[in-house]
There are 2 protein chains.
Amino acid sequence: MARLVDIAELAGVSVGLVSRVLNDDPATRATPETRERIMRLASELGYRPHYAARALKFARTNTIALVVPDLTNAFFAELTRGVEDESRRLGYTVLLGRSESLTDQTQISRLLDEGRVDGFLLQGRDDETTQSLTRLIGRAPVVLINSRIENRPGNVMIDDRAAARTATEYLLERGHRKIGLINGLPTSLTARRREEGYKEALQAAGISPSADRITRLGYEVSSAAPAVDWVMSRRDPPSALVVANVNAALGVLTHARHLGHRVPKDLSVIGIHDAWTADHTWPPLTTVRMPLYELGIRAVAALKDRLSGCDATDHIVRSVPPQLIERESVASLT
Amino acid sequence: MARLVDIAELAGVSVGLVSRVLNDDPATRATPETRERIMRLASELGYRPHYAARALKFARTNTIALVVPDLTNAFFAELTRGVEDESRRLGYTVLLGRSESLTDQTQISRLLDEGRVDGFLLQGRDDETTQSLTRLIGRAPVVLINSRIENRPGNVMIDDRAAARTATEYLLERGHRKIGLINGLPTSLTARRREEGYKEALQAAGISPSADRITRLGYEVSSAAPAVDWVMSRRDPPSALVVANVNAALGVLTHARHLGHRVPKDLSVIGIHDAWTADHTWPPLTTVRMPLYELGIRAVAALKDRLSGCDATDHIVRSVPPQLIERESVASLT
DNA sequence: TTGTACGCGTTATCAC
DNA sequence: GTGATAACGCGTACAA
């Protein structure tokens, strides 16, 4: 509400001086006395620099957009928390958008052309291809979360291989040898990396991965039923399932019950990512917790770098290792 | 990227004319020919009016902030969808904030003083009192969602009484007479209204509500366990529970199992609000679905009214009645 | 019918 | 040390 000119008038000085004092301009060493008067008036009037005026002046908004497919998803909620916290620390405001509504390139470039945001944090949908992603972001300053485009720097991801490896090893340690993987869509980079981790763990245990034990139908709850149907109807079905996403894992639990498999007695299930809901399934779901909060922090830092000109390097968040949350959905065969 | 002056130069006209043509100024009836040229150039260059420049000019941002306690909550996610859809329709941009980070009045008035937003949509936390709410919002243009302050117009809510009545009646119809209520905190207006609806239904069936059957510990999952402990340890415990929130209902299911009560055989449970997670509990949770999406739409409309000067009237969203989602957590006693 | 000039609030570049 | 002034992009009252 209060403007520089208001303070200037009351202090009997010029707007320029007020601006310089308030911004600690080193070139200006104002009289301690006037300086004091200006500061006091500013705080009394509750002066706040006008956002639009600054944005106009600097051609920079200090606002970034975070685009995620679905706010409901606990996965994204924790990511969002990390993004918000780090943004506040760095002086950014976050504009939150679902990719549903920011689905086409127009929306993105519009936000940019209108000068509403400086850049984007984009967590694509599972079924997003490199092409659709490239088309979507155009030449906008974007940091990709959990995906990557060739020759385009600036992306951050979690250690999907470690996640899947950790989950698989946990099952191996409990005597399971026939382990299935309920994976995300093959278009998804994270799904491919999780599959690598799963196979790595299997091979390290002297087991050769079988195509009959892997489905790639998606991360959503709804994709769980057909996946379980398929994998459990193979010859020699698995005794345990690594589910690449905690939401899909809930669906697996429900559908397994529907088919008459008792978890964990007949079938063990472990999910990647943790969520509060995993405490309230039956049986409670064992999961591998991943550092999504830290991922959000890294993403903001990477975008800041990108906006500052320095090319952000790709980054896999490894500062916090995958963490096993043992509940009751995995049985020991030994 | 492209400015009015760019178009003006290429079209060989003045910026003023370009502006008027692009804004369909009725006072200006430009030559169809120049008009055509301007429009073509604008679309070719992908012209977008600069957000900050407009905001500075009009002292209005067409941006509103939506403040909710927790994005994870499916309740708020659906509300958010409604808010976003209606905002886009009305030309608003939505700034999403958790109330965690917007906890004190400074944050709110700061957003306002900086001219970042025109107004707020505020869904307070369950434990927010009228005092803390009043302090929080100050004189800011706010529409309250699911709460109210005396003598302060502008709030929207769902029909909490109808919700609780519907849930209670459903249990009554199935022969239950001893029905408990696991309610939100007594500070919460919605909790008080739900309690009214619950009692109404009971009394209409000739049953007088008993204090021994009501807890008021909160809407969160974590509040469920102590609530169930208490209500089930009374003399003559209930055969069915109305849980005032779907998340708390998940906690009720889990804790009931922990205590050895089989749902629905020993104890029936019905939750208010629906969420996808209710499909994946055991047993699947019967709920009363409330029109949260429509609530979001109404909230935006109310804020628009408030910002336009016309005092928004209080509004209870009744366009969509409570909808029973029958799953398997309620048994019939008859 | 169209061009010119001013102001929105801020900062930076000059003079004094 | 401090004050005047131009500029950021837009819309509009006024002049032509």
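Labels below follow one simple rule: chain letters A, B, ... track the order of the sequence lines, proteins then strands, and each chain is numbered from 1. Worth saying up front: this structure is predicted, and the values here are computed from it rather than measured. Computed over heavy atoms, backbone and side chain alike; hydrogens, waters and symmetry mates excluded.
Salt bridge status for B:E44 with B:R40: present, with a side-chain N to carboxylate O gap under 4.0 Å. A salt bridge is absent between A:R306 and A:D118; no separation between the charged side-chain nitrogens and carboxylate oxygens falls under 4.0 Å.
Judged by distance alone, the side chains of B:T93 and A:R116 do bring a donor and an acceptor atom under 3.5 Å apart. A:D126 and A:S188 share a donor-acceptor pair across their side chains, judged by distance under 3.5 Å alone.
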Identify the pairs formed between an N or O of the protein and an N or O of nucleotides 1-5 of chain C at a distance under 3.5 Å, and give each distance.
from	atom 1	to	atom 2	distance (Å)
C:dT1	O5'	B:R29	O	3.0
C:dT2	OP1	B:T31	OG1	3.0
C:dT2	OP2	B:T31	N	3.2
C:dG3	OP2	B:S14	N	3.0
C:dG3	OP2	B:S14	OG	3.1
C:dG3	N7	B:R20	NH2	2.8
C:dG3	O6	B:R20	NH1	2.8

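For the pair B:E86/B:L90, a side-chain contact is recorded, criterion being any heavy-atom separation below 4.5 Å from C-beta on. The closest side-chain heavy-atom distance from A:L22 to A:I38 is below 4.5 Å.
The C1' atoms of five pairs define one axis at each end of the helix from C:dT1-D:dA16 to C:dC16-D:dG1, and these two axes lie 60° apart (to 10°).
Heavy-atom distances under 4.0 Å link DNA chain C to A:Y47, A:R48, A:P49, A:H50, A:A53, A:R54 of residues 35-55 of chain A, given in residue order.
Partner of A:E9 under the side chain to side chain contact (heavy atoms under 4.5 Å, CB included) criterion, chosen from A:D6, A:V13, A:V5: A:V5.
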Output, in order, the C-alpha distance, side-chain angles, deciding distance and verdict of salt bridge (charged side-chain N to carboxylate O under 4.0 Å, His left out) for A:R110 and A:E114. CA-CA 6 Å; A:R110 178 176 173 163; A:E114 287 180 345; 3.2 Å; yes
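Residue pairs meeting the side chain to side chain donor-acceptor pair (under 3.5 Å) criterion with at least one member in residues 142-153 of chain B, sequence neighbours excluded, are B:Q123-B:N146. Residue pairs meeting the side chain to side chain donor-acceptor pair (under 3.5 Å) criterion with at least one partner in residues 46-57 of chain B, sequence neighbours excluded, are B:Y51-B:T63.
Look at CZ on A:R3: it is 7 Å from P on C:dC8, rounded to the nearest Å. Distance B:E114 CD to C:dG9 C1': 13 Å, rounded to the nearest Å. B:R116 has its CZ atom 13 Å from the P atom of C:dT10, to the nearest Å. The nearest whole Å value for the distance from the CG atom in A:L4 to the P atom in C:dA12 is 12 Å.
Bracketed by its first and final contacts, the part of DNA chain D lying under 4.0 Å from non-hydrogen atoms of chain A reaches from D:dG1 to D:dG9 in 5' to 3' order.
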